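Below: the structure, in structure tokens.
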Amino acid sequence: MTVWPLVVAAGVGRRMQADRPKQYLRLNQRLLMDYTLDTLLSYPGVTRLVLVLSAHDPYWPASEFAHDARILRAAGGAERSDSVLNGLRTLQAIASMDDWVMVHDVARPCLQHSDLDALLAQLTFPGAILASLTRDTMKRGRLNAAGQTEISATVEREQLWHALTPQVFPLGLLIRALEFCLEQGVAVTDEASAIEHLGHAPRLVEGRADNIKVTRPADLALVAFYLQQARSGPTNKRGGL
Ligand SMILES: Nc1ccn([C@@H]2O[C@H](COP(=O)(O)OP(=O)(O)OP(=O)(O)O)[C@@H](O)[C@H]2O)c(=O)n1
Ligand SMILES: C[C@](O)(CO)[C@H](O)COP(=O)(O)O
């Protein structure tokens with residue numbers, strides 16, 4: 001059974017408010033993107049990887065992996081789901097529809113091989129995602145008459161998870177799910193949502209809480225610390241595709 005990594009890296013990073021897309025910011029002297037690509041390309045059994053970049057990305061040549069023949073590039077789209085679908089359509093040229101695809105955010109550079117081992121132990125229909133249980137009491141907010149944000153409800157915390165990536169699904173099923181959502185005009189922010197819209201229930205695989213998505217400026221120092229810790233700690237080389 002073949003599992004193809006697909007990395008989405010065509011975002012502009014509005015919330016990061018930087019002078020370039022966040023995947024091209026340096027953390028401990030290395031491009032954020034290169035941490036993510038290194039983790040996936042060094043995972044045992046990975047021979048190719050689909051990388052979705054903005055069609056107008058002038059920064060890619062600065063990557064350590066800019067000339068890596070294992071990388072198959074695809075052009076991004078307006079939304080993350082469009083970028084994923086573009087990547088899947090590029091993957092179709094080299095893959096079987098019965099293969100699996102593992103979609104990962106380039107903005108999650110702290111992914112570790114141990115989490116890939118856990119996720120890839122779940123390659124049964126309809127697929128699975130890495131997730132982390134919420135730790136806090138969760139509130140839903142609303143704007144009041146004075147323009148302040150107030151609590152509208154406390155969300156039941158039992159079995160409440162943060163969806164992370166990678167998210168792994170049969171290639172054909174994920175293409176059908178994303179095309180269905182596109183046809184129905186349903187916006188989805190992760191692959192599992194599209195699979196759910198087909199009536200399936202992907203499994204949740206508990207992953208590391210440090211597999212955070214770099215989104216806002218305050219995330220950079222924390223992720224730099226996690227990456228430093230990972231570099232100085234044991235690496236996970238067991239497992240594989
Ligand atoms: N049209 C898009 C939008 C996002 N992404 C990717 O999807 C992942 C998660 O998206 P997000 O964190 O929202 O990244 P950005 O869209 O770049 O951030 P922002 O929403 O702040 O602009 C990122 O790796 C991003 O590069 C993508 O490939 N194509
Ligand atoms: C896919 C994801 O990382 C799962 O939590 C998240 O939905 C991406 O959301 P974004 O708004 O595109 O960052």
Side-chain angles (χ1 to χ4, degrees), residues 5-25 27 31-40 49-60 62-63 65 71-91 101-111 115-116 119 127-135 138 160-169 174 177-178 181-182 186-197 202-220 222-223:
L6 187 157
V7 176
V8 279
V12 296
R14 281 183 304 275
R15 290 170 284 182
M16 184 52 74
Q17 301 172 313
D19 65 349
R20 65 197 60 204
K22 59 194 178 186
Q23 55 269 33
Y24 291 107
L25 295 177
L27 297 169
L31 290 181
L32 184 155
M33 172 185 282
D34 288 347
Y35 287 101
T36 305
L37 294 177
D38 192 3
T39 296
L40 290 168
L49 177 148
V50 175
L51 177 63
V52 186
L53 295 172
S54 166
H56 316 290
D57 180 340
Y59 304 100
W60 170 241
S63 167
F65 299 95
I71 292 176
L72 180 61
R73 280 182 285 163
E79 301 299 330
R80 181 184 178 283
S81 54
D82 301 315
S83 294
V84 173
L85 194 49
N86 288 353
L88 294 174
R89 286 169 173 159
T90 296
L91 179 56
V101 60
M102 180 167 67
V103 182
H104 187 53
D105 295 333
V106 78
R108 293 183 187 272
C110 301
L111 174 66
D115 271 3
L116 290 176
L119 182 65
I129 74 169
L130 284 180
S132 63
L133 277 163
T134 54
R135 289 168 162 73
M138 305 301 288
L160 196 57
W161 298 70
H162 295 277
L164 310 175
T165 68
Q167 304 196 0
V168 67
F169 297 103
L174 185 53
L178 287 170
C181 290
L182 203 54
V186 172
V188 290
T189 56
D190 75 338
E191 290 64 67
S193 302
I195 301 289
E196 294 163 54
H197 277 287
R203 284 177 303 286
L204 291 162
V205 176
E206 185 157 16
R208 296 172 59 98
D210 61 5
N211 178 16
I212 70 170
K213 181 166 65 74
V214 174
T215 304
R216 297 181 176 85
D219 300 328
L220 292 171
L222 181 57
V223 165

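Because the structure is predicted, anything quoted here is derived from the model rather than measured. For this chain, numbers begin at 1 and follow the sequence in order. We count ligands from 1, going down the list as the structure has it; atoms in each ligand are counted the same way.
- Taking a 4.0 Å cut-off on heavy atoms, Arg15 registers as neighbouring ligand 2.
- For Lys213, every heavy-atom contact with ligand 2 shorter than 4.0 Å involves the side chain, none the backbone.
- Protein heavy atom nearest atom 8 (C) of ligand 1, with residue, atom name and distance: Asp105 OD1, 3.5 Å.
- Listed by number with element, the atoms of ligand 2 under 4.0 Å from a non-hydrogen atom of Thr189 are 1 (C), 6 (C), 7 (O), 8 (C).
- Residue Arg108 approaches ligand 2 through these ligand atoms, each under 4.0 Å from one of its heavy atoms: 2 (C), 3 (O), 4 (C), 5 (O).
- Within ligand 1, the atoms closer than 4.0 Å to a non-hydrogen atom of Arg15 are 11 (P), 12 (O), 13 (O), 18 (O), 19 (P), 20 (O), 21 (O), numbered from 1 in the order shown.
- In terms of N/O distances under 3.5 Å, ligand 2 is not approached by Thr165.
- Protein heavy atom closest to atom 4 (C) of ligand 2, with residue, atom name and distance, is Ala163 O, 3.3 Å.
- Salt-bridge check for Asp105 with Arg108: passed, with a basic side-chain N closer than 4.0 Å to an acidic carboxylate O.
- Within the set Ala9, Gly77, Ser81, the minimum heavy-atom distance to atom 1 (N) of ligand 1 is found for Gly77.
- At least one N or O atom of Ala78, backbone or side chain, sits closer than 3.5 Å to an N or O atom of ligand 1.
- Residue Val12 has at least one nitrogen or oxygen atom sitting less than 3.5 Å from a nitrogen or oxygen atom of ligand 1, judged on distance alone.
- Rounding to the nearest 0.5 angstrom, the gap separating the CD atom in Gln23 from the OH atom in Tyr35 is 15.5 Å.
- Without hydrogens or angle criteria, Asp115 side chain to Leu111 main chain gives no donor-acceptor distance under 3.5 Å.
- For Gly13, a nitrogen or oxygen atom sits less than 3.5 Å from a nitrogen or oxygen atom of ligand 1, counting backbone and side chain alike.
- Between Asp190 and ligand 2, no N or O atom pair is found at a separation short of 3.5 Å.
- Closest to atom 29 (N) of ligand 1 among all protein heavy atoms lies Ser83 OG, 2.8 Å.
- Atoms of ligand 2 found under 4.0 Å from any heavy atom of Arg80, numbered from 1 in the order shown, are 1 (C), 12 (O).
- Within the 4.0 Å heavy-atom shell around ligand 1 one does not find Pro21.
- Of the protein's heavy atoms, Gly11 CA, 4.0 Å lies nearest to atom 16 (O) of ligand 1.
- Ligand 1 has Val106 within reach: a non-hydrogen atom of the residue lies less than 4.0 Å from it.
- Note: no N/O pair closer than 3.5 Å links Thr215 and ligand 1 by distance alone.
- Within the 4.0 Å heavy-atom shell around ligand 1 one finds Lys22.
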